[in-house]
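Just below is one structure, and these are the notes that go with it.
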There are 4 protein chains.
Amino acid sequence: MEDKARKQNKRSLIIEAAARIFATRGFNSTLMAEIAAQAGIGKGTIYEYFSSKEDLFFSVFEWFVEKTQAEAKVSISALGGSASERLKALNDALLRSWLDMLDMYSLVMEFWSASASSKMRQRFKQAFREGYRDFRQIVSALLRDGIETGEFQPEVDAESVAAALVGAWDALLLQAWFDEGFDPLTTSRRFMAVLINGLVSKPQAI
Amino acid sequence: MEDKARKQNKRSLIIEAAARIFATRGFNSTLMAEIAAQAGIGKGTIYEYFSSKEDLFFSVFEWFVEKTQAEAKVSISALGGSASERLKALNDALLRSWLDMLDMYSLVMEFWSASASSKMRQRFKQAFREGYRDFRQIVSALLRDGIETGEFQPEVDAESVAAALVGAWDALLLQAWFDEGFDPLTTSRRFMAVLINGLVSKPQAI
Amino acid sequence: MEDKARKQNKRSLIIEAAARIFATRGFNSTLMAEIAAQAGIGKGTIYEYFSSKEDLFFSVFEWFVEKTQAEAKVSISALGGSASERLKALNDALLRSWLDMLDMYSLVMEFWSASASSKMRQRFKQAFREGYRDFRQIVSALLRDGIETGEFQPEVDAESVAAALVGAWDALLLQAWFDEGFDPLTTSRRFMAVLINGLVSKPQAI
Amino acid sequence: MEDKARKQNKRSLIIEAAARIFATRGFNSTLMAEIAAQAGIGKGTIYEYFSSKEDLFFSVFEWFVEKTQAEAKVSISALGGSASERLKALNDALLRSWLDMLDMYSLVMEFWSASASSKMRQRFKQAFREGYRDFRQIVSALLRDGIETGEFQPEVDAESVAAALVGAWDALLLQAWFDEGFDPLTTSRRFMAVLINGLVSKPQAI
DNA sequence: CATGAATGAGGCTTCATTCAT
DNA sequence: GATGAATGAAGCCTCATTCAT
C-alpha cells in the first residue's frame with residue numbers, strides 16, 4: 001500500500017517534470033535525459049514507469065486533461081444566480097484559471113499536433129473529441145436551463161452556441177499566447193455581453 | 001525570365017509536395033526523402049531551393065498563410081448587403097473554404113506546435129500574431145460598419161466580438177477535425193443567428 | 001576512482017584505435033564507424049567521450065604529442081658524457097624511437113595538414129609552435145652547455161643550430177617515409193659528425 | 001594550334017585558381033564550386049580539363065613542383081665562387097624564394113598529407129621520393145665538388161650532409177609557418193656557418 | 001528498484017559529378 | 001565547348017531504449 005503510494009508519487013513526479021519540459025521544448029525537442037534530470041532521477045528509471053516517450057507524453061496529456069477538467073468542474077459547481085450570471089461567471093472562471101497557466105498553453109498545442117500526426121493520433125483524437133463533447137454538454141446544459149426558465153429565447157440552439165462558445169474560449173487563449181498585448185479576459189467579457197444580449201433578446205423579424 | 005519562372009515553379013512544386021507530407025505525417029515524422037519522392041525530384045534538389053528542413057517547413061507555412069488569406073480576401077470583397085448579411089455570408093464562405101481543405105487542417109496544428117516549441121518559434125509566433133491581428137481587423141471593420149449605419153448597437157465592442165468570432169471559426173473547425181460527426185457549418189450558422197441578434201437588439205436593462 | 005579509471009581507459013582505447021585508422025586512411029577517409037569497429041565498441045559510444053570527429057582527431061594529436069615528448073624526455077634525461085657524446089646519443093635515441101613507429105609518421109602529416117587548413121588550424125598551429133619551441137630549447141640548452149664548458153666554439157649560435165637540427169631530424173624521417181631505401185639513422189650519424197666538427201673546430205679565418 | 005594554346009591557358013587558369021583555394025582551405029574543405037568561381041568559369045568546365053577533384057589536385061602538385069624546381073635551378077645555375085660561397089648563396093636563394101610564397105606553404109602540407117592517405121598516395125609518394133632524391137643530388141654534387149677541390153674535408157659524406165641540409169631547409173620553413181616570430185633566413189645563415197666550418201675543418205682526433 | 005554507459009538505427013545534409021541545353 | 005541545375009551516395013551525429021551492475 002505504502003509501496004504503491006510511493007510508486008504513484010514517483011510517477012507523478014516524472015509526469016510533472018515531463019510536462020514542464022514538453023511545454024518549453026515541445027515533444028520532439030525534448031530529451032528523455034532532460035526529463036530525468038528535471039525529475040532528479042536516472043534516465044532508466046523513467047522506463048520503470050512508462051514504456052516509451054510517447055507513452056509518457058500521453059500520460060502527461062491525461063494528467064493535464066484531468067487537472068484542467070477538475071478545475072473547470074469546481075468552477076461550474078460553484079455557480080449560482082441566473083443563467084446569464086452563471087455564464088458570465090463561467091467565462092471569468094475559465095479564462096482566469098487558464099491565464100494562470102498560460103505558460104502551459106504550449107502543451108495544448110503539442111497535444112493538438114500529436115492528434116494530427118503522432119503515432120498515437122487516434123488516442124489523442126478520441127480524447128479531444130470526448131473532451132470537447134463533454135465540455136460542450138456542460139455549457140449547453142447551462143444554456144438549456146436558461147431557455148427552460150424563459151431567460152433565453154426558445155429559438156436559441158443551445159448546442160451550437162455551446163460549441164462556438166467553447167471554441168471562442170480556446171481560441172482567445174490561443175490569440176493571447178501569440179500576442180502578449182492581447183487581453184483575452186476583457187475581450188471575452190465584452191463579447192459575452194453581446195452574446196448574452198443575443199440569447200435574451202427576442203429575435204427581430206426580418 | 002523563363003528561367004526565373006521555372007525556378008519559381010519548382011519551388012512551388014516542392015512546397016506543395018511538402019505540404020501534403022507534412023500534413024499527413026507531421027513535421028518530425030516527415031522525411032526529406034519522402035518529400036523529394038512526392039515531388040518527383042532528387043533529395044539533393046530540395047536543398048537547391050531551401051536551406052534546411054526547417055526552412056522548407058516555414059516556407060510551407062508562408063505559402064499556406066498566403067493561400068488562405070487570398071481566399072479569405074476574395075470571399076470578403078464579394079460581400080454585399082447589410083452588415084448582418086455580410087457577416088453571415090462571410091461565415092459561410094470561410095467555413096466552406098476551410099471545409100474544402102479539412103485534410104490540410106492538421107498543417108495548422110503543426111504550425112501551432114512549431115510556434116510553441118520549434119527553433120523557429122519566434123518567426124511562427126510573429127506570423128500568427130500578425131495573421132490574427134489582420135483577420136480581427138477585417139472582421140471588426142465590418143462590425144464597425146454595421147454600428148455606424150445603425151444596424152448594430154453602439155454598445156457593441158467591435159474588437160472584442162471580432163476576436164471571439166475569429167476564434168470561434170478556428171475552433172469550430174478544430175472540433176470538426178476531431179469529430180467527424182460534428183457539423184461546423186450548421187453549428188456556426190445557428191450560432192451566428194444568436195450573435196447577430198445580440199448585435200442588433202437593444203441591450204435589456206438589468 | 002575505479003569509475004574514473006575505467007572511463008580513462010575507454011578514452012585511451014578509442015584514441016589509440018582512432019590513431020591507427022587516421023594513420024592509414026587520413027582524417028577525411030576515416031569513418032567514425034571504422035574507429036568504433038577497431039575499438040570494438042558501438043558508433044555512438046565514441047560520442048560519449050568526444051564531441052565530434054574533429055575533437056577526437058585533436059585528442060589523438062594531443063595523445064601523440066604527449067607520447068613522443070615523453071619518449072624524448074626519457075632519452076634526454078639518460079644522456080651522459082661530453083656535449084658531443086650527448087648530442088650523438090640524442091640523435092640516435094630520437095631517430096630510433098621514431099623509426100620504431102614510422103608507420104605512425106603519416107599521422108604527423110595529417111596533423112600538419114590539419115594545422116594548415118582544418119577548422120581547428122589555430123589549435124594545431126599553436127600546439128606545433130609550442131612543441132617546436134620546446135624542442136629547440138632542449139637542444140639549444142645542450143649546445144649552450146657545450147659552449148660554456150669550452151667544448152664548442154663560442155661563435156656558435158646555439159638557437160640557430162638547434163632549430164636546424166630539430167628540423168633536420170624531422171625532415172630525415174620525412175625522406176625515409178617517402179623512400180624505403182633511405183636510411184635516416186646512418187645518414188644522420190654521418191651528418192652529425194660534420195656538424196659536431198663544425199661545433200668544436202675553431203673557425204677558419206677567411 | 002591556337003586552339004591548343006587556348007586550352008592550355010584555361011588549364012593553367014584552373015590550376016592556379018585551384019592552388020589558391022587548396023592553399024587556404026585544404027584539399028578536403030575545398031569545393032569544386034569555389035575553384036570554378038575563383039577561376040571565373042562554370043563548375044562543369046573543370047571537368048573538361050580534369051577528370052576529378054583528385055586529378056586536379058595532382059595537377060596542382062605537378063605545377064607546383066615544376067614551378068619551384070624551375071626557380072631552384074635558376075638559383076643554382078647562377079652560383080659562382082668557392083663551394084662554401086655557393087652553398088651560402090644557395091641557402092639564401094632557396095629560403096628567399098620560399099619565403100616569398102610562404103602563404104603557399106600550406107600547399108606543401110596538403111601534398112604531404114595526400115602522400116600519406118589519399119587514394120593517389122602512391123603517385124604522390126613517388127613524386128616526393130624523386131623530388132627529394134634530385135634535390136639531394138644537386139646539393140651533394142656541390143659538396144663533392146668542394147671535397148674534390150680540397151676545400152671540404154675528404155671524410156665528409158656528401159650524401160648524408162646533403163640529405164640533412166635539404167631537410168633542414170624544409171623544416172625551417174615549416175617552423176616559420178607555425179611561428180610568425182621565427183626568422184628562418186637568419187637562423188639558416190648562422191647554422192650554415194657552423195656546418196661549413198665542419199666541412200672545411202680537419203676533424204679532431206677523439 | 002535504480003542507474004547511466006552503451007548502443008545503432010535512422011535521417012539530415014553535403015558536394016563531386018553528370019548531362020541536357 | 002561551356003554551363004549549372006539536378007542528383008544520390010555517403011557519413012556524421014542524435015537520442016530513445018536497453019541491460020549489466
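These figures come from a predicted structure and were not determined experimentally. We name chains A, B, ... by the order of the sequence lines, and we start the count at 1 in each one.
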> Would A:K10 count as a cation-pi partner of A:Y49, with NZ or CZ less than 6.0 Å from the six-membered ring centre and within 45° of the ring normal?
Replying inline: no
>> On a heavy-atom basis, which atom in B:W112 and which in A:M109 lie closest, and how many Å separate them?
In response: O-SD, 3.4 Å
> In whole angstrom, what separates D:N9's CG from F:dG1's P?
Replying inline: 14 Å
> Given atom CD of C:E34 and atom P of F:dG11, what is their separation to the nearest angstrom?
Replying inline: 9 Å
> So what's the dot-bracket for DNA chain E: Watson-Crick or G-U pairs under 3.5 Å, [ ] if a pair crosses, | if it pairs off-strand?
Replying inline: .||||||||||||||||||||
>> Side chains of B:Q126 and B:Q122 only: does a donor on one sit below 3.5 Å from an acceptor on the other?
In response: no
> Distance check: side-chain N/O of A:Y49 vs OP1/OP2 of E:dC1, anything under 4.0 Å?
Replying inline: no
>> Counting C-beta onward and ignoring hydrogens, is there a side-chain heavy-atom pair between B:T68 and B:M101 closer than 4.5 Å?
In response: yes
> Which is it for B:S115 and B:R121 under the side chain to side chain contact (heavy atoms under 4.5 Å, CB included) test, yes or no, and what are the steps along the way?
Replying inline: CA-CA 4 Å; B:S115 79; B:R121 68 159 87 191; 5.5 Å; no
>> I need a per-nucleotide contact map over nucleotides 12-21 of chain F, read 5' to 3'. Cutoff is protein heavy atoms under 4.0 Å; write B for the base, S for backbone only, - otherwise.
In response: SBBSSBB---
Please output the side-chain donor-acceptor pairs of residues 55-65 of chain C that fall under 3.5 Å, not counting sequence neighbours, one pair per line with the distance.
unit_1	atom_1	unit_2	atom_2	d
C:D55	OD2	C:S51	N	3.0
C:D55	OD2	C:S51	OG	3.4
C:S59	OG	C:D55	O	2.9

> In whole angstrom, what separates D:I21's CD1 from E:dA16's C1'?
Replying inline: 16 Å
> Within the structure, does a side-chain N or O atom of D:K10 lie under 4.0 Å from either OP1 or OP2 of F:dA2?
Replying inline: yes
> Do A:F27 and A:K53 have side chains that get closer than 4.5 Å, going by heavy atoms?
Replying inline: yes
> Side chains of C:S113 and D:E110: closer than 4.5 Å at any heavy-atom pair?
Replying inline: yes
